[in-house]
Amino acid sequence: MAKRGRTSSVVAACALVWSTAHATAVQHQPPQKLSDTGLYRDAAAGTIAAGVRPYSPQYPLWSDGAEKLRWVSLPKGRTIDAKDGDAWRFPVGTRFWKEFSFGGRRVETRYIEKTGEKISEKIGEKIGKEAWIFATYVWDEEQREATLAPVATGLPNHVEIAPGVRHDIPSVSDCKACHEGAGRDSVLGFGALQLSSDRDPLAPHAEPLPAGALDLDALLKENLLKSAPPSWRAAPPIVAADNPRARAALGYLHGNCSHCHNDRDPVASVGLSFRAGFAMDARSGQPTLRTAVGVRSKFQMRGVSPDHCLRLAPGDVEHSAVLVRMGLRDGLSQMPPLGSKLVDTAAVELISDWVREGLPGAEVSKGPTHNP
Amino acid sequence: MKNLIAMTCSIAALAAVTAAYSAEGKKDPAKEKQIKRGEHLVKAGLCGDCHTPKKMGPNGPEEDMSRMLSGHPASPELPPAPKLPPGPWMVMSDGGLTAWSGPWGVSFTRNLTPDEETGLGDWTEQNFLDTIRTGKKLGKGRALLPPMPVPGINNYTDDELKAIFAYLRTIPAIKNAVPEPIPPAPKPAAHAPAKP
């Protein structure tokens, strides 16, 4: 009996291992074709499926001038936990898509999906944890279908987007470099500030809201958020700042840099956060002002004493490491380190103007206060 | 010089001993063992070959232990790397093996000491693991450059990497701001075309 019992345990353990591996494989394998991800009702016609909603963050990520379309699908009857305004928690089954086009042609569509605990049918136990799967689909020449890109390598230098400059299709590792963080969901650009209905008119590259878009107002009206502060209805979040230019600059850094440079993820150890606050004192409370302005940079500019290398130097564009690195595309010292091969000229101008005129220590250009 | 080296070694030994004690001041044998293991891995893995500056000794360049693992010296600044003619020769280094030139540009070995401003003082153990596992700085930044043998080092287990990091926390902190790498062919960055 004891022997039988032990044998059964061994068999059960083997079954668990097999089932876990099997379920994990199923759970973490995205479809081979974009049309099988649930984005389209009619893939050939490009008709979006019911329940899939467009959205548009007010501070979009710079992607070398790509025209981008974004959609989200929430599982029916489920809501987003908005208790943490900066890091919403999404229900299992949530799916996001982002389509990239250059020159009017679709190049790739990125896809992430939250998968959850699975119950093994064989052993009736929970296997697998909540996780996000990442995939990139590459559009064919005829623009009819997109196929899963190589997971490990992506497709470097896939298509020319400017003379001598070619766009990379990212690997899954590249996706995770930006999207994954400590104890948070792997979603970027979909939170209270980015979806606020009080949109920043000076935000670089902001797009008009698509018809039927899910913004903060729509999410609240449709009861898709739980634990959201009631104040968001009357006073939608905006970046706390002294003037419109500062608001746009802080918002841009939030949208483009804070997924790595924040105070929560492992990179927090370097003590630099571009997370824009929307419920704090405009001048002293903003993490960017506290952790970047007048703070010495570890980045060594050639020919400049380390003591004069600051992250953001009030009134001094040339000694502001953030700006120097935003203006590079050398694959080594550039910021961001991946996902861009063209300098965001509009953003460099915006941040330069802000550094010259709007930082504490420089002459402040006074405008209307936007501190809510 | 001998005194300086002796003093440096004493400080290192003191730091290692201090790090091997728990917050309550009790000796922590497990931590001590981990640090010793890390020291062994760093030495056997020849980290100092590239990360420790050299000085001239009776038998040629030797590691300058007063600057142990502090990376390529901030000064004096090196002249530009000479251009190699077309042919099979592809990679060059300076005499200290801390600056390397090749198709990737010029790389300078990092300061691995726990100096807060110029070394790994502000890194966490997780930052170190993320860097080695991904081959990207802090797991998210630019790729680590040759001759850093990332594929080889990636064979270390997590416990071995943690031991290496634990040991690196115990060596003397040395202030040395290593220059940033230089791209292969400096050229103006491409800018996005203006939209109508």
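Just so you know, these numbers use all the heavy atoms, side chains as well, and skip hydrogens, waters and symmetry mates. Proteins come first, then strands; the chains are lettered A, B, ... in the order of their sequence lines, and each starts at number 1.
Ranked by heavy-atom pairs under 4.5 Å with chain A, the list B:Pro181, B:Pro179, B:Ser107 is led by B:Pro181. Most heavy-atom pairs under 4.5 Å with chain B: of the set A:Arg296, A:Met301, A:Met335, A:Gln300, this distinction falls to A:Gln300.
More than 12 heavy atoms of other residues, nucleotides or ligands shown are found within 6.0 angstrom of NZ on A:Lys68. Around the NZ atom of B:Lys175, the shell of radius 6.0 Å holds more than 12 heavy atoms that belong to other residues, nucleotides or ligands. Within a 6.0 Å sphere centred on CD of A:Glu318, other residues, nucleotides and ligands contribute 12 heavy atoms or fewer.
Side chain of B:Asn127 to backbone of A:Pro266: a donor-acceptor contact under 3.5 angstrom is found. The backbone N or O of B:Ala177 sits nowhere less than 3.5 Å from a side-chain atom of A:Lys298 that would complete a donor-acceptor pair.
For chain B, the nearby part of A:Leu338 is the side chain; its heavy atoms alone come within less than 4.5 Å. Residue contact with chain A, scored on non-hydrogen atoms closer than 4.5 Å, involves the backbone of B:Glu116 exclusively. In this structure, no portion of B:Lys137 lies under 4.5 Å from any heavy atom of chain A. Looking at A:Glu180, only its backbone comes within 4.5 Å of chain B, counting heavy atoms on both sides.
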* To do: Begin from the C-alpha positions of A:Asp174 and B:Lys136 and carry the test side chain to side chain contact (heavy atoms under 4.5 Å, CB included) through to its verdict.
  => CA-CA 10 Å; A:Asp174 291 336; B:Lys136 293 175 179 154; 3.2 Å; yes
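Across all their heavy atoms, B:Lys140 and A:Cys260 have their closest contact at CD-SG, 3.5 Å. Across every non-hydrogen atom of A:Ala177 and B:Gly139, the tightest pair is CB-O, 4.2 Å.
Contact check for A:Arg302 versus B:Glu77: side-chain heavy atoms found under the 4.5 Å cut-off.
Rounding to the nearest 0.5 angstrom, the gap separating the CZ atom in A:Arg325 from the CZ atom in B:Arg142 is 8.5 Å.
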